[in-house]
Every structure is written in structure tokens, then in C-alpha cells.
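Letters go in sequence order (proteins before strands), and every chain restarts at 1.
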Number of protein chains: 2
Amino acid sequence: MPPVELRHLRYFVAVAELLNFTKAAQRLRVAQPALSRQIRDLEAELSVPLLERGPRAAKLTEAGAVFLGEARALLQRADEAVKLARAVARGERGEIHVGYAPSLTTELLPCALHSFHNAAPGVHVKLHDLSSEEMLRGLGEARLHLGLMARPSERALRGLKFELLREYPIGVALPPRHRLARGKTVALPQIADEPLVVYSRGEYPEYHAMLTELFAKSGRTPRLAEEHDSAPSLIAAAEIGRGLVIAPACLGILAGGRLKFLPLHPPPPRIQLVAVFDPQRLTEAAGKFLAAARIAEINPPVTNSRPRHRPQ
Amino acid sequence: MPPVELRHLRYFVAVAELLNFTKAAQRLRVAQPALSRQIRDLEAELSVPLLERGPRAAKLTEAGAVFLGEARALLQRADEAVKLARAVARGERGEIHVGYAPSLTTELLPCALHSFHNAAPGVHVKLHDLSSEEMLRGLGEARLHLGLMARPSERALRGLKFELLREYPIGVALPPRHRLARGKTVALPQIADEPLVVYSRGEYPEYHAMLTELFAKSGRTPRLAEEHDSAPSLIAAAEIGRGLVIAPACLGILAGGRLKFLPLHPPPPRIQLVAVFDPQRLTEAAGKFLAAARIAEINPPVTNSRPRHRPQ
DNA sequence: GCGGCATTATGCCGGAAAGGCATCGCGGCG
DNA sequence: CGCCGCGATGCCTTTCCGGCATAATGCCGC
């Protein structure tokens with residue numbers, strides 16, 4: 001027995017609405033006998049009469065009336081399913097998973113989210129606060145579409161591509177009343193003996209790599225006073241004088257006026273905030289997010305109009 | 001361009017679940033090339049790639065993953081629609097409209113509803129408190145499936161059929177302390193001069209026809225004291241002594257112990273409670289209700305276990 | 001690096017089934 | 001009683017789905 005197809009439903013709905021096989025056949029642009037047989041087949045498949053044929057007009061049976069509602073709903077749902085699939089393919093619906101380095105993206109992320117929401121309102125963004133290593137793994141295993149992080153080493157990329165979004169100079173954040181806060185810049189020798197509050201080594205290995213390299217050039221080793229696992233707690237520690245913070249300039253955004261940021265002199269290589277992705281499977285939606293992040297880079301961050309989006 | 005059919009969805013779901021065209025073709029009991037082409041046609045119709053074919057295995061695209069969910073839901077819904085139509089045709093789902101004469105059916109209706117609910121739990125019963133005339137009209141215009149009422153005249157039926165459910169003797173309901181309440185029966189002459197409280201003529205014309213005929217045989221005319229539009233108010237009036245009530249015995253059910261019922265002697269023709277229906281379009285569900293009412297006639301009313309159903 | 005093995009895609013053919021055309025049967029209406 | 005509108009039937013054509021054989025492709029192991 002041939003199964004029920006959407007064609008049967010389309011034909012049945014037409015007949016049920018016009019209550020006339022001939023007119024329905026015209027609307028469907030098929031001949032009346034073809035229509036009659038399709039309806040007959042449908043009824044045979046259901047073993048249920050759906051229409052009572054009268055010489056004057058057709059009439060719905062009770063089962064037919066119920067089935068009409070179902071058929072209409074089904075056809076509409078099918079239509080929506082098709083539209084939805086197309087919208088997903090165009091990157092107008094769906095969801096993307098974006099990994100981000102929390103303290104490095106405080107400036108960019110809100111802007112990118114805002115402009116992405118304008119570009120693709122139907123796409124849900126799932127944010128994942130991850131370490132660089134986790135992001136690269138997630139991208140490799142296709143669990144992430146995009147990673148926002150400090151530029152990783154070439155060999156860690158393993159086929160992934162990246163795009164530069166922003167650069168931040170390295171500097172020192174310290175309380176405004178600190179003795180070094182008077183100058184406009186800070187030289188490394190000035191802080192070689194100062195206690196430092198730093199990101200925890202376990203979660204931010206590349207931060208420590210950067211620190212080590214920084215001090216190695218002057219032959220010194222940093223004096224690590226405390227480790228913290230997040231920027232806010234780092235800032236709080238620095239604010240109460242537990243030590244200085246060496247960090248990219250974007251930390252100043254988080255600190256507000258509580259810490260003063262002084263770039264290092266001579267300037268070391270700047271921290272590069274990049275978007276990492278797998279060029280093989282960059283979906284439309286992920287591409288739009290990348291574009292939004294790019295725009296957020298060109299347009300300086302707007303301090304108003306960002307209340308609708310926040311990380312997590 | 002050929003439209004999307006359920007077949008495409010069935011095929012796609014199979015491939016998406018197994019992620020392997022060959023295996024899916026086996027499950028679907030078609031050859032692999034046929035399956036491949038159907039999927040290709042589906043993707044062409046959507047203009048959306050749903051699967052990424054790898055030599056090792058197939059993989060869903062993002063749009064494919066979304067569409068898979070929709071396709072599953074659609075197929076299940078279609079299946080349910082078919083089952084629903086069949087259930088309606090079998091009289092296991094749906095609704096029926098039943099007209100009823102309120103005071104005449106107080107005994108039968110609760111039992112019938114109860115046993116019908118057991119027989120067809122999925123069928124919603126819509127009750128309509130109607131006069132005989134309205135019921136016959138509703139039945140003629142196919143707005144009612146069944147009417148529970150006093151047996152109408154043959155010419156009022158106009159093609160409708162009826163089935164006898166119960167018969168009630170005509171009698172007199174009066175307060176227990178009334179002087180006539182001492183006997184076991186009442187003869188018409190005894191009440192010829194008594195004031196009567198009666199159903200209102202407008203809403204119960206056949207009741208008045210019955211009254212007139214009753215008295216005509218003895219050459220008297222009834223002395224109508226008050227008209228009421230419902231049994232409870234009739235009973236209340238009789239209870240406080242405004243007059244006697246001439247009514248079928250089933251009124252006693254409503255009155256409880258407040259009135260005493262005495263059958264007339266010699267007994268006039270008994271009131272026949274019948275179910276009226278259009279034999280042309282007696283649906284399965286309506287037939288089941290009729291059967292339930294029939295059973296309710298055989299089995300005497302159970303006084304417990306009726307709380308689940310009440311008129312309206 | 002190359003053959004073997006899995007996978008999917010392609011070409012071709014036969015048959016089922018949908019569509020079209022002509023016609024019939026059947027009520028209702030004038 | 002004949003005409004008209006409607007749906008059903010019979011017959012033929014066309015479409016397209018499915019099957020078979022086979023090619024193309026990417027991976028793996030030796």
C-alpha cells in the first residue's frame with residue numbers, strides 16, 4: 001500500500017476548501033480525474049472516508065473535518081521547515097558557539113555581539129569562557145565555530161586560520177597613588193623588584209610565557225606575589241596594594257578608574273586579539289559573527305547602547 | 001520543480017540517523033542509488049546542502065541538523081494525523097452534540113454519559129438544553145447528532161428515526177401533607193378543580209398538548225395556577241402549596257422526598273423518552289452514545305459513581 | 001606508493017504511478 | 001423528459017521512482 005504523501009494532503013485540502021472536485025482540480029492545475037483518484041487513494045490508505053460525494057457538492061465527513069485541520073497544520077509546518085532550513089543555510093537562523101578569553105575580550109565582545117544581533121537577529125550565540133587550549137581543541141573537534149583569544153603559535157593552529165581583530169600594548173596597572181603612577185610610561189627595570197599579582201599559571205599558561213619572555217630579555221625573573229584566576233580579582237588585589245599587574249591595555253577597561261595603566265617602555269610586542277576558526281567549515285552565521293567582530297574593531301566601542309548583551 | 005514529499009523526509013531521516021547512505025538504503029529497503037538521488041532532489045528543492053558526503057561517512061550540515069528535527073516532528077505528526085482520522089472514524093475520538101430535554105432526562109442522562117465515557121473516553125460530548133422543536137431542527141440541519149426527548153409526532157420527524165429508551169407513567173406530584181397524598185393513585189376527577197403549576201406554554205408546547213388531551217377525555221379544562229420554565233422551580237412551587245404538578249414519574253427523581261408522586265388512575269398513555277437521530281448520518285460516536293443510553297436503560301441507574309458528569 | 005575497501009555518484013532500463021482526455025453514470029432542475 | 005453539473009471510469013501518455021551495473025573517490029594498510 002503506497003504511503004501517504006504531502007501531495008495527498010495538498011489535494012485533500014483543496015477539495016475540502018472548495019467542496020468541489022472540479023474547481024479544486026482547476027486550482028491545483030491538474031485534471032479532475034487525477035484529483036479524484038488521489039483522494040480515493042488517500043481514503044483507501046486511511047481506510048476512512050473523508051468526503052461524501054453528492055451530485056450537488058461534496059461534504060466533509062466528521063473524520064474529514066478533523067483530518068483537514070491536521071493536514072493544514074502539517075502542510076504549513078512543512079513549509080516552515082523548508083524556510084527554516086534555508087534560513088539556517090543563509091546564516092539567518094540557528095546558533096553558533098563562540099569561545100572567548102574573558103579578560104582580553106571585554107572591550108570587543110559586547111560590540112561584536114551587538115552588531116551581530118543587528119546583522120542576524122535569529123541566530124543564538126552561545127558563549128564559552130575557555131582557555132586558549134580548550135578553544136583550539138573545541139575548534140578542532142567542531143564543537144566551536146569561533147574562538148576569540150590571544151594569537152596562538154603557528155603550530156598550535158593545526159590547520160585553523162585566524163584573523164587579527166585588535167592589538168593591545170603591554171603595560172603595568174597600578175593604584176593611582178603608587179609611586180610609579182606619576183610617569184607616563186614604565187620601564188622594565190623600574191618594576192623588576194616590585195611584587196606582581198598575576199594570572200594563575202594553570203589557567204593562563206601563555207600569559208606566563210609572555211611574562212617569562214618579557215623578563216628574560218633583561219635577564220631578570222619576575223617576582224610573583226599572588227596568582228588570581230580572573231581579571232576582577234586581579235584588579236582588586238592590585239588596588240589594595242598587593243602588587244602590580246602586567247597586562248594588555250584592555251585590562252584598564254575592566255579596572256575603570258581604580259587602577260592606572262602605564263604602557264611599558266620600550267614597548268614589547270603588542271598582544272594580538274584574534275578570531276580563530278576552521279576555514280573548512282566556517283558556517284554562514286559564524287562568518288557573519290566574524291564580520292561583526294571586524295566591524296566592532298573598526299568602529300570604536302560605543303559606551304551607551306550595549307545593555308542588551310553581556311557575556312554569559 | 002517537484003515539491004517536497006514525505007518520502008523525502010523519510011529518506012533523509014534514515015540517512016541522517018545512520019549517517020550512511022548504504023545502510024539507510026537497506027533499512028528503507030530501496031537501493032542505494034535511488035536513495036542518493038532522492039536526497040539530492042531534496043537538497044536541490046531546498047537549495048540547501050543537508051549532508052556532507054565523506055568517503056568514510058556522511059555528516060550533517062548545520063541546516064541538515066535543524067532540518068532533521070523538523071522532519072522527524074513532521075513525520076510523527078503525519079502519523080498521528082492518520083491515527084487520529086482513523087480513531088474519529090471508529091468513533092473513538094471527536095465530539096458529538098447531544099440535545100436533551102432537561103427534566104425528562106435527569107434519570108437517564110447521567111448514566112448514559114457515564115457508560116459512554118467508559119466506551120469512548122476520547123469523545124467529547126457537547127450537551128445542549130433544547131426544546132423538542134429546536135432539537136428536531138438541529139437534527140435536520142446536522143448540527144446535532146442525537147436528541148433525547150419525548151417521542152415526537154410522526155410528521156415532525158421528517159425522515160428522522162427514533163429509538164425508545166424509557167417510558168414514564170403520568171402522575172401527580174404533590175406535597176406529602178396534601179389531602180390527596182394519602183392514596184396510592186389519583187383519578188383525574190379528584191384534581192379537576194385543583195390549581196396546577198405547569199411548565200410554561202412557550203417552552204413546553206407538547207407538555208400543554210398532553211395536558212389538554214388528558215383533560216379533554218373527561219370534558220374538563222385544567223385550572224392553571226402558575227407557569228414555570230424549569231423543573232426545580234416547578235417543584236419548589238408545588239412544595240409550598242401553589243398547586244399540583246402533572247408530570248411524568250421521572251420528576252420524582254428531581255423532587256427527592258420533597259414531593260410525593262402518585263400515578264394517575266386509570267393510567268393515561270405513558271410518556272416515551274426516545275433518542276432521535278438522522279439514520280443517514282449516524283456517526284460511529286453517536287451510535288456508541290445511543291448504545292450507552294440503551295445500556296443505561298437496561299441497567300437501572302446507579303446512584304453512586306456519577307459525579308464525573310453533569311449537564312452543561 | 002599502491003592496491004584494496006569502503007563509500008557515494010552516474011547511466012541506463014523497466015515498471016509503477018500520476019496526469020490527461022474522453023466518456024459514462026447519476027441526481028436535480030427546468 | 002431532456003439538460004446540466006458533478007464525480008467516476010477506462011485508456012493512453014508521461015513522469016519519475018527504483019533497481020542493476022558500474023564508475024569515481026577518498027582512506028587505510030602493507
Side-chain angles (χ1 to χ4, degrees), chain A residues 1-46 48-61 64 68 71 75 140 142 158-159 278 280-281, chain B residues 1-61 64 68 71 75 158-159 280-281:
Chain A
M1 202 178 324
V4 176
E5 294 294 343
L6 288 182
R7 172 173 28 84
H8 294 122
L9 304 187
R10 283 186 269 265
Y11 285 14
F12 171 66
V13 169
V15 175
E17 283 178 352
L18 299 179
L19 293 177
N20 180 318
F21 282 69
T22 311
K23 306 250 176 64
Q26 290 168 3
R27 175 198 284 192
L28 294 168
R29 308 192 167 273
V30 296
Q32 169 263 318
L35 176 58
S36 281
R37 257 175 300 150
Q38 290 299 316
I39 299 294
R40 175 169 53 68
D41 293 348
L42 175 60
E43 291 178 319
E45 171 65 23
L46 304 185
V48 172
L50 299 173
L51 292 156
E52 283 169 18
R53 283 80 159 167
R56 205 74 198 139
K59 228 185 63 178
L60 282 170
T61 64
L68 172 59
L75 290 172
R158 297 212 148 273
D278 183 341
Q280 309 290 343
R281 48 179 165 239
Chain B
M1 204 181 314
V4 176
E5 293 295 344
L6 289 182
R7 173 173 27 82
H8 294 121
L9 305 187
R10 283 186 269 265
Y11 285 14
F12 171 65
V13 169
V15 175
E17 283 178 352
L18 299 179
L19 293 177
N20 179 318
F21 281 70
T22 311
K23 306 252 177 63
Q26 289 169 1
R27 175 197 284 191
L28 294 168
R29 309 192 166 273
V30 297
Q32 168 265 316
L35 176 58
S36 281
R37 256 174 299 149
Q38 291 300 316
I39 300 293
R40 175 168 53 67
D41 293 349
L42 175 59
E43 291 177 319
E45 171 64 25
L46 303 184
S47 337
V48 171
L50 299 174
L51 292 156
E52 284 169 16
R53 282 81 159 167
R56 206 72 199 142
K59 227 185 63 179
L60 281 171
T61 65
L68 172 60
L75 290 173
R158 298 214 146 273
Q280 310 289 343
R281 48 177 164 243

Exercise. Rounded off to whole Å, could you give me the CG-to-P distance for the A:Leu28 and D:dG7 pair?
Key: 13 Å
Quiz item: Side chain of B:Pro33: nearest nucleotide among C:dG11, D:dG18, D:dC27?
Solution: C:dG11
Quiz item: When all nucleic acid strands are considered with a 4.0 Å heavy-atom cut-off, which category describes B:Pro2: base, sugar-phosphate, or nothing?
Solution: nothing
Practice problem: Kindly determine whether B:Arg53 and B:Ile39 satisfy side-chain contact (heavy atoms from CB on, under 4.5 Å), including the steps that lead there. | Solution: CA-CA 11 Å; B:Arg53 282 81 159 167; B:Ile39 300 293; 3.7 Å; yes
Practice problem: Might you confirm whether atom CZ of A:Arg281 has over 12 heavy atoms from other residues, nucleotides or ligands at distances under 6.0 Å? | Solution: yes
Quiz item: Quick one: A:Leu18 CG to D:dG7 C1', roughly how many Å, whole number?
Solution: 15 Å
Quiz prompt | Separation of C:dA16 C1' from B:Glu5 CD (nearest whole Å) | solution = 16 Å
Exercise. May I ask you to say what A:Gln32 touches in the nucleic acid, namely base, sugar-phosphate or nothing, with a heavy-atom cut-off under 4.0 Å?
Key: base
Exercise. Provide, to the nearest angstrom, the distance between the CZ atom belonging to A:Phe21 and the P atom belonging to C:dG20.
Key: 16 Å
Quiz item: Rounded to the nearest Å, what distance is computed from the CD atom of residue B:Gln26 to the P atom of nucleotide D:dC20?
Solution: 13 Å
Exercise. Using the closest heavy atom to pick a nucleotide of DNA chain C for each, name whichever of A:Gln38 or B:Arg40 lands nearer the 5' end.
Key: B:Arg40
Quiz item: 5'-most contact on DNA chain D: A:Gly54 or B:Arg7, nearest heavy atom basis?
Solution: A:Gly54
Quiz item: If you look at every heavy atom in B:Pro49 and B:Thr61, which pair is closest and at what distance?
Solution: O-OG1, 2.9 Å
Quiz item: Reckon B:Arg37 touches a base, only the sugar-phosphate, or nothing at all at heavy-atom distances under 4.0 Å?
Solution: base
Practice problem: State, to 0.1 Å, how close A:Leu35 and A:Phe21 come at their nearest heavy-atom pair, and which atoms those are. | Solution: CD2-O, 3.3 Å
Quiz item: More 5' along DNA chain C: A:Arg56 or A:Val30, using each one's nearest nucleotide?
Solution: A:Val30
Quiz item: For B:Asn20 and C:dT8, is the shortest distance between a side-chain N/O and OP1 or OP2 below 4.0 Å?
Solution: yes
Practice problem: Measure the distance from NZ on B:Lys23 to P on C:dT8 and round it to the nearest whole Å. | Solution: 8 Å
Practice problem: Inspect the contact between B:Glu5 and A:Arg10 and indicate whether a charged nitrogen and a carboxylate oxygen are less than 4.0 angstrom apart. | Solution: yes
Quiz item: C:dA9, D:dC17, D:dG7: which one has an atom nearest the side-chain heavy atoms of A:Arg53?
Solution: D:dG7
Quiz item: Quick one: which of D:dG18, C:dA9, D:dA8 gets closest to the side chain of B:Ser36?
Solution: C:dA9
Exercise. Please report, rounded to the nearest Å, how far the P atom of D:dC17 is from the CG atom of B:Asp41.
Key: 6 Å
Quiz item: What integer distance in Å separates A:Tyr11:OH from C:dA17:C1'?
Solution: 12 Å
Quiz item: Of the candidate nucleotides C:dT8, D:dA8, C:dG28, which contains the atom at the shortest distance from the side chain of A:Pro55?
Solution: C:dG28
Quiz item: Base, sugar-phosphate, or nothing: which does B:Thr22 touch, judged by heavy atoms less than 4.0 Å apart?
Solution: base
